[in-house]
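Letters A, B, ... are given to chains in the order of the sequence lines, protein chains preceding strands, and every chain is numbered from 1.
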There are 4 protein chains.
Amino acid sequence: MGVKERRKREKEQRRQQILDVARELCMRKSYFEVRMEEIAEGAEVAIGTLYLYFQNKDEIYATLCEEGLDILNRLIEEALQEKKDSQARLEAIGRSYLTFYAEYGSYYDVLSFVGMGFKQIGLSRELETRITQKSDAAIARLETVVREGMEAGEITGGDSKEVAFFLWGLLEGLIFIHRRGYMNAWSVDLASTSTKAMDAINRGISG
Amino acid sequence: MGVKERRKREKEQRRQQILDVARELCMRKSYFEVRMEEIAEGAEVAIGTLYLYFQNKDEIYATLCEEGLDILNRLIEEALQEKKDSQARLEAIGRSYLTFYAEYGSYYDVLSFVGMGFKQIGLSRELETRITQKSDAAIARLETVVREGMEAGEITGGDSKEVAFFLWGLLEGLIFIHRRGYMNAWSVDLASTSTKAMDAINRGISG
Amino acid sequence: MGVKERRKREKEQRRQQILDVARELCMRKSYFEVRMEEIAEGAEVAIGTLYLYFQNKDEIYATLCEEGLDILNRLIEEALQEKKDSQARLEAIGRSYLTFYAEYGSYYDVLSFVGMGFKQIGLSRELETRITQKSDAAIARLETVVREGMEAGEITGGDSKEVAFFLWGLLEGLIFIHRRGYMNAWSVDLASTSTKAMDAINRGISG
Amino acid sequence: MGVKERRKREKEQRRQQILDVARELCMRKSYFEVRMEEIAEGAEVAIGTLYLYFQNKDEIYATLCEEGLDILNRLIEEALQEKKDSQARLEAIGRSYLTFYAEYGSYYDVLSFVGMGFKQIGLSRELETRITQKSDAAIARLETVVREGMEAGEITGGDSKEVAFFLWGLLEGLIFIHRRGYMNAWSVDLASTSTKAMDAINRGISG
DNA sequence: GATGAATGAGATTTCATTCAT
DNA sequence: CATGAATGAAATCTCATTCAT
């Protein structure tokens, strides 16, 4: 009985090991440049073993996306606990996203390809659906906060979806720029810049 | 006499034809997925011909980047003509970027890889330098406008570089999100959203 | 247990198979004309398999050179056993070289490019060093025999290196001529000619 | 009338120019590495022009061989003038060959491929015949000298063809070794070594 | 005669995936 | 379950030769 359990646990561990290595590699190079052999080597398994845990290379990638979205959604949910004020709630979401980028940067890089390259990546419909759902969940959460803020009269700006999108866009863009090295090149600090940006936006949309 | 001229014209046309096809393909797939054979087929030339016009695949890609940056910088410069007010100038730059994305979207996609994948792409130092310079020029232009606005007391927010970066980040992020299809999925309009975002930001940073 | 052993043996066999085919082809055409595809076909493996055993085409070629030099050096060493007289020793070396050409002719052809084309061939420094060393070993052996003969008063002619080189040159040249078909065209026999040449030289240099 | 002549002269000059460049290049790299474009550039003509003067790449190569053989035969003929003694005549031929290598080294490299690679090179039968004939002429001349020496009792060694071949082989081999850089590596001088070799051989075959 | 842009077959090399053990 | 050698399609790039001007 215990044997079966141990087997299952070991299997899950090995699966995670593979994902860990793949994520690490996707952080350093483009997905297209990561080779299955590298993943196998890093995870200390044979190439063939990768195919016991994942249907193909794309599924590994998609699984990373899913994991990343899970983390992001969890971070957002945690950050929203006990925050009543709309401004504070928005700021909490923003901070979650920056934390996600800072602490789970390898997931971020993977995720930034979602949607872009997915038309070309062969994925099981099931996995694609899950990713789309989780992706939507994050946006939906943000939009809800904005809408509630508007209903409470704490936020102005008309359409809650539009406001949600430009808040998201601001963060996404800052990270995009940082990731590509422009901030370092110009000696600009991401944390400071995003704080100021959030403040400015908050002033601009406060009711 | 005219023969030489015509030859030169034809050569330039064919070069453009190759770039047009390459740009179109880079828009639909990742750079890594575009094959030289496809470009050749699309441009109706033999594969070898591509190598008469460009040293290798990377040079084609880099040339696209350079062209894109030239267009963007021109659009920005044109938009800034006759705008005296800082708010108007910032808005003009923002609109230039959106126009660039709308009208030259295929360039945008190519450019969004700049910095990201460049470490892996083998480019002549000369070309790489040109691209970096042109990339910096766009940022520098934005920062100058912000700084002048601060000096004129029309803009607040402390560091001009930080403000410039979050303005850029906002636009970059909105386009990023739009490009990945989220706006369409949520029935959100890019133009409307970005106008509102710029307004909010302007309110937030106006002195 | 036996499985591992058998695998190793099979791998070595396949490696030899590839080298055999490559050597055969290098014998019939110039190295530059031999295509990887031909080698693969001849060895009845896929092209990709070649790259499992050798880093690239040049390494296959270099390995052939190394193998050839090993055989040559072994033949020379064997031939020198139990020969006390300088004349006999020189003759033994000469005969070794002719044997090498006769029995391992395919190696000879490969080796005759060493030094000539090597500047153009991209080799690992390690392999290049090994080849140079083994190449030098053969010459050094010959020179030693000549020098010892001079010290024993059995050989005259002044400089041992010069004498060693012209002995080597004689053999090299005879084989060169034979290999190019001139001897057959003129109905001249290599064995007979080289015996006479060695005799004449021996008379010319005997103390 | 003069126009036609000038045209013909110019054409011959251009042909020579092409051959000069090709020879120079064949000296520095293997024939297979020399590109038609390089030859065209060096000769300051268009690629297409090469094909007005030669049917294909191989014909350029073969023409170089032919020219080389012409020079060699002329040198030998000149050297044999007024030499009565067999020893002197043989020495004269040897010296011719060394001179040929020293002064027309670029031809030598080209010639050393004759016979070796010719099966693979597509040549007009006419040109191939001419080359074979000229190649044979050099050997025949040597053999004649040896035979006359034997008839005069100045040379011993049995078969004149065999003796001729080992004399030729000696020179060929020494140059072969020198050309591949071994003599330089071992600080051995070609001129000195070949003089000693000829002396030794002469002693060995003198009647 | 001269040009040189264009061709396209063919070379080397890579890597996701399979399958016999 | 795990292995990893083998596969072979596909990618980039080269270069002798042609042909319209």
Side-chain angles (χ1 to χ4, degrees), chain A residues 7 10-11 14 32-41 43-60 122, chain B residues 2-4 6-8 10-11 14-15 32-40 43-60 122, chain C residues 2-4 6-8 10-11 14-15 32-40 43-58 60 122, chain D residues 7 10-11 14 32-41 44-60 122:
Chain A
R7 283 271 170 79
E10 280 173 359
K11 216 182 152 179
R14 183 143 336 177
F32 296 103
E33 289 171 303
V34 174
R35 282 174 295 118
M36 292 299 264
E37 203 189 356
E38 284 177 299
I39 300 176
E41 264 174 37
E44 292 175 324
V45 295
I47 292 189
T49 306
L50 299 180
Y51 289 85
L52 293 175
Y53 290 89
F54 300 94
Q55 272 198 323
N56 53 33
K57 193 185 169 190
D58 289 338
E59 208 183 79
I60 294 179
Chain B
V3 171
K4 227 175 185 173
R6 199 203 50 206
R7 281 271 170 83
K8 202 178 170 183
E10 279 174 359
K11 214 178 158 175
R14 179 134 345 176
R15 198 183 132 94
F32 296 102
E33 289 173 304
V34 174
R35 285 177 293 120
M36 292 298 264
E37 203 189 356
E38 284 177 301
I39 300 176
E44 292 175 324
V45 295
I47 290 190
T49 306
L50 298 181
Y51 290 87
L52 289 177
Y53 289 89
F54 302 94
Q55 272 199 321
N56 52 36
K57 193 185 167 192
D58 288 339
E59 207 182 82
I60 294 180
Chain C
V3 171
K4 226 175 185 174
R6 198 203 52 208
R7 280 270 170 81
K8 201 177 171 185
E10 278 174 1
K11 213 177 160 179
R14 180 132 347 172
R15 198 183 133 93
F32 296 102
E33 289 172 304
V34 175
R35 287 176 293 118
M36 291 299 263
E37 204 189 357
E38 284 176 300
I39 300 176
E44 292 176 323
V45 295
I47 290 190
T49 305
L50 298 181
Y51 289 86
L52 289 177
Y53 289 88
F54 301 94
Q55 273 199 322
N56 52 36
K57 193 186 168 192
D58 288 340
I60 293 180
Chain D
R7 283 271 169 81
E10 280 173 358
K11 215 180 154 181
R14 182 140 339 177
F32 296 103
E33 290 172 303
V34 174
R35 282 175 296 117
M36 293 298 266
E37 203 189 356
E38 284 177 299
I39 300 176
E41 264 175 36
E44 292 176 323
V45 296
I47 290 189
T49 307
L50 298 180
Y51 289 84
L52 294 175
Y53 290 88
F54 302 93
Q55 272 198 322
N56 54 33
K57 192 185 170 190
D58 289 338
E59 207 182 80
I60 294 180

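Salt bridge present: B:E10 and B:R6 bring a charged side-chain N and a carboxylate O closer than 4.0 Å.
Nearest nucleotide to the side chain of A:K11, out of F:dC1, E:dT3, E:dT17: F:dC1. Checking E:dA2, E:dA5, F:dT7 against the side-chain heavy atoms of D:Y53 singles out E:dA2 as nearest.
A:R35 contributes atom CZ, which lies 8.0 Å from atom CD of A:E41 (distance to the nearest 0.5 angstrom). With values rounded to the nearest 0.5 angstrom, C:Y53 atom OH is found 14.5 Å from C:I39 atom CD1. Rounded to the nearest 0.5 Å, atoms CG (D:L50) and CZ (D:R14) are 10.5 Å apart.
Spacing between atom CD of D:E37 and atom P of F:dA16 amounts to 9 Å, rounded to whole angstrom units. Atom-to-atom, OH of C:Y51 to P of F:dA5 comes out at 18 Å; the value is rounded to the nearest Å. What separates CZ of B:F54 from P of E:dA5 is a distance of 15 Å, to the nearest Å. Note: CE (B:M36) to P (F:dC13) measures 6 Å, nearest angstrom. When rounded to the nearest whole Å, the span between CG of B:L52 and C1' of F:dT18 equals 14 Å. Atom pair C:K8:NZ and F:dT3:P shows a separation of 20 Å (rounding to whole Å applied). Per the geometry, CZ belonging to B:R6 stands 14 Å off P belonging to F:dA20, to the nearest Å. Distance D:I39 CD1 to E:dG4 P: 17 Å, rounded to the nearest Å.
Taking for each of B:G48 and C:L50 the nucleotide of DNA chain F with the nearest heavy atom, the 5'-most of the two is the partner of C:L50. Nearer to the 5' terminus of DNA chain F, by closest-nucleotide assignment, is the contact made by C:T49 (compared with the other of B:V34 and C:T49). Across the interface with DNA chain E, nearest-nucleotide mapping of A:R35 and D:E44 shows D:E44 to be the residue nearer the 5′ end.
Taking 4.5 Å as the limit, some side-chain heavy atom of B:I60 sits within range of a side-chain heavy atom of B:M36.
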Could you spell out the base pairing of DNA chain E in dot-bracket, with Watson-Crick or G-U pairs whose two distances are under 3.5 Å, [ ] crossing and | to another strand? .||||||||||||||||||||

Take A:Y51 and A:I47, measure what side-chain contact (heavy atoms from CB on, under 4.5 Å) needs, and give me the verdict at the end. CA-CA 7 Å; A:Y51 289 85; A:I47 292 189; 4.3 Å; yes

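Looking at heavy-atom distances under 4.0 Å, B:R14 makes contact with sugar-phosphate atoms alone, never a base.
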